[in-house]
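The structure displayed is predicted, hence computed values, not measured ones. Residue numbers begin at 1 in each chain, while the letters A, B, ... track the order of the sequences.
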Amino acid sequence: MNLDQLIEATLFAAARPMTLRKLAELAKAEAEDVKKAVADLAERLDEGSGLMLQNYGNEVELVTKPEAAEIVKTVVKDDEQGELTRASLEALTILAYRGPMTRPELEQVRGVQSSLILRNLMIRGLVEQKEDERLGQPTYAITFDFLKHLGLKSVTDLPDYQALRGHTAIVDMLNQLNEPEKEKQEDNKSDLNV
Amino acid sequence: MNLDQLIEATLFAAARPMTLRKLAELAKAEAEDVKKAVADLAERLDEGSGLMLQNYGNEVELVTKPEAAEIVKTVVKDDEQGELTRASLEALTILAYRGPMTRPELEQVRGVQSSLILRNLMIRGLVEQKEDERLGQPTYAITFDFLKHLGLKSVTDLPDYQALRGHTAIVDMLNQLNEPEKEKQEDNKSDLNV
Amino acid sequence: MGYTVNIEHFEGPLDLLLQLVEKDELEISKLSLASVAEQFIKYMQSKTVLPEEMADFLVVASKLVYYKSKLLLPGFSDQEMEEGPDLEAQLRQYQMFVTAAKEIDQIWKSGNQSFSRSQTVVRRIREVKFSPPENASLDIMSEIMKRIIARIEPIVRLPKVAIRKAISLHERIKDLFGRIHEHATISFKTYIKDIKHREDAIVSFLALLELVKQRFVMVEQIDLFNDISISAHPEAPERDPLVESFA
């Protein structure tokens, strides 16, 4: 059995999102090979299946295609999310395009304190706190449940994704680029001190 | 979307065997067409997928191929054994100190949606659904097996049981959840506080 | 100035500001922001602003008042107000997200969802086998419970703490007007001497501006950094400033 088929069976059995690392561990395969197999699987499903691969961050999940929603709804219990309030929608949108982000970062964009709205969205399972921290603050991101509700394969399929993700991505990149630079300088400094 | 894809999505989401008649009814299709679509689906899966169609009389079910059995077993075992994640441990602790409680109550205290975690704790026999309902919701509590495993006769033997169970922060938090109810039924307020 | 179009609902200061700018069909610019400053303050006072959000509204209000002051007094500049995020850029960015949110709402409502493999059924098929975790001990559990309580305590207390922030413009106007009636002249420093928080100082200053605008009081400042002296206007109208201001 090919690696992409093995991964398909694994995701089917798990019935929840899994990290690429976990998949590599289970399949006893190299990360690079898993990455390629996941891409192959996504393509095969796109072409002829009623299922598709959803991805966010470094996780993937096997789900039904949105075109089948009408019939699938009749056999599963709906999660009854109901409508979103303006504030929820606003916070979710910002997190979808710019997340994962810290609470102060979200508040900077919304211009208003957002701890209660974040809590509400987490209780509804539309937002989750991630393991990673930034500047000592926890980061928040949208969940697979949110993606599923929109029937999207990835946040990159959101309208105008590149434009709205925009400069934060670049800023992040610059920060990452700057960090080793800073360390180098620090090293140099200590050299001089010796 | 083709009928075979619709059927694939339906079987996937339902996660149980279904009769051809039921599938025809859901898809609003002719029995003959469904039969052909199921055959097409079976063939497509045989050729390239990690999944396959299993026939029981006039029922079909979507399952993993036997070649993937080993990896699938590991996925299932991972769910059922080993260490609990921090989130699971947290939910288990709240249920121990504060149970029996409903899922919305657990989520109100944790501040995080908890359906998947609750399911995992139940699969492992650590938590069970109780007979009683509250506000139309099933209630959950830790199992006797788990209590015994901790070496306790009763939850009241948990460290600082009274102080932690009845802590005002938790009581206030749960009251916030019940607030709309409280306004409607002032009489029941004290019951909800207990 | 007529306020014929009513804004029924807003989610935060940027939402209110954006609605005001769009209502007047203005481009987002410093000039247009300055032009809606008064409406912003009026709306902020006339609708209910959550106490915990008051500070956020005041930050925006003070920026708007600053833009307006700059427009009226060419050459006027305050270093502290110039620093920090640029409200114009912030509002532009916010507008992009509001537009995107409307599209996401459409997708959300379309019902074209994806579904996972059903969890409840997966559970029913599996047998329950008791498998106790190795990392759940009594010590760990009571520790976790204490941590949970520590985490939710501030959330439960939040509404009570936030109320402090909400010294409203109403109260400050009433207070200032009352004191001027009593003493004829007071200084701005005396007026704000009990104020401990920056946002309250901003409210007090806004209250003063409102009374000046309506000619209830006169202000005099000998030079730029001196205290401001506040006195009743000789032709002060015989009515309650609150009625006129925020009816």
Requested in this report: May I ask you to check whether A:Lys65 and C:Ser114 show a side-chain donor-acceptor distance below 3.5 Å?
Outcome: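 There is no such pair (donor and acceptor under 3.5 Å, judged by atom type) between the side chains of A:Lys65 and C:Ser114.
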Report task. State whether a side-chain donor-acceptor pair under 3.5 Å links C:Gln93 with A:Arg98. Result ->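 Short answer, yes.
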Heavy atoms only: give me the nearest [X]-[Y] pair and the separation to one decimal.
X        : Y        : result
C:Ala100 : A:Thr93  : CB-CG2, 3.8 Å
A:His149 : C:Gln113 : O-CG, 3.4 Å
C:Asp105 : A:Leu89  : CB-CD2, 3.3 Å
A:Val112 : C:Glu11  : CG1-O, 4.3 Å
C:Gly111 : A:Ala69  : O-CB, 3.5 Å

How long is the gap from [atom1] on [X] to [atom2] on [Y], to the nearest 0.5 Å?
X        : Y        : atom1 : atom2 : value
C:Tyr94  : A:Ile94  : OH    : CD1   : 7.0 Å
A:Leu150 : C:Trp108 : CG    : CH2   : 6.5 Å
C:Thr99  : A:Asp160 : OG1   : CG    : 9.0 Å

Query raised in the report: Has the side chain of C:Ser118 got a donor or acceptor atom that lies under 3.5 Å from a matching backbone atom of A:Val76?
Result: no
Report task. Please confirm whether the backbone N or O of A:Gly151 pairs with a side-chain atom of C:Asn112, one donor and one acceptor, at under 3.5 Å? Result ->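 Not at all, since once roles are kept as given, no pair shorter than 3.5 Å links the two residues.
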Query raised in the report: So, are C:Asp15 and A:Arg86 salt-bridged, with charged N and O less than 4.0 Å apart?
Result: yes
Quick check on [X] against chain C: is it the side chain, the backbone, both or neither that has a heavy atom closer than 4.5 Å?
X        : result
A:Glu83  : both
A:Gln108 : both
A:Leu147 : neither

Requested in this report: Apply the test side chain to side chain contact (heavy atoms under 4.5 Å, CB included) to residues C:Ile104 and A:Leu92: give CA-CA distance (whole Å), side-chain angles for both, the deciding distance (0.1 Å), then the verdict.
Outcome: CA-CA 9 Å; C:Ile104 288 188; A:Leu92 279 169; over 6 Å; no
Requested in this report: Verify the neighbour count for atom CZ of C:Arg151: are there more than 12 heavy atoms of other residues, nucleotides or ligands below 6.0 Å?
Outcome: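 For C:Arg151, atom CZ is crowded (more than 12 foreign heavy atoms under 6.0 Å).
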Query raised in the report: Counting heavy atoms not belonging to A:Glu70, are there more than 12 under 6.0 Å from its CD?
Result: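 Atom CD in A:Glu70 is not packed in, count stays at 12 or less.
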Query - Within 45° cone and under 6.0 Å: C:Arg117 NZ/CZ vs A:Phe12 ring - result: yes
Using atom types as modelled, flag every donor-acceptor pair under 3.5 Å from a side chain in residues 27-39 of chain A to any protein atom, sequence neighbours excluded.
residue: A:Lys36; atom: NZ; partner: A:Asp40; partner atom: OD2; Å: 3.1

Report task. Quick one: which of A:Val72, A:Leu84, A:Leu62 has the most heavy-atom pairs under 4.5 Å with chain C, could you say? Result -> A:Leu84
**Report entry** Closest-packed option against chain C by number of heavy-atom pairs under 4.5 Å, given A:Ala96, A:Gly111, A:Pro17
**Finding:**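 Most heavy-atom pairs under 4.5 Å with chain C: A:Gly111.
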**Report entry** Residue pair A:Lys148 / C:Ser116, side-chain heavy-atom distance below 4.5 Å
**Finding:**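 SC-SC contact between A:Lys148 and C:Ser116 confirmed.
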Query raised in the report: Side chains of C:Asp56 and A:Gln113: closer than 4.5 Å at any heavy-atom pair?
Result: yes
Requested in this report: Before giving the answer on side chain to side chain contact (heavy atoms under 4.5 Å, CB included), spell out for C:Phe97 and A:Arg110 the whole-Å C-alpha distance, their side-chain angles and the decisive distance to 0.1 Å.
Outcome: CA-CA 9 Å; C:Phe97 281 113; A:Arg110 291 193 67 218; over 6 Å; no
**Report entry** Contact residues of residues 135-145 of chain C (partner chain A; heavy-atom separation under 4.5 angstrom)
**Finding:** none
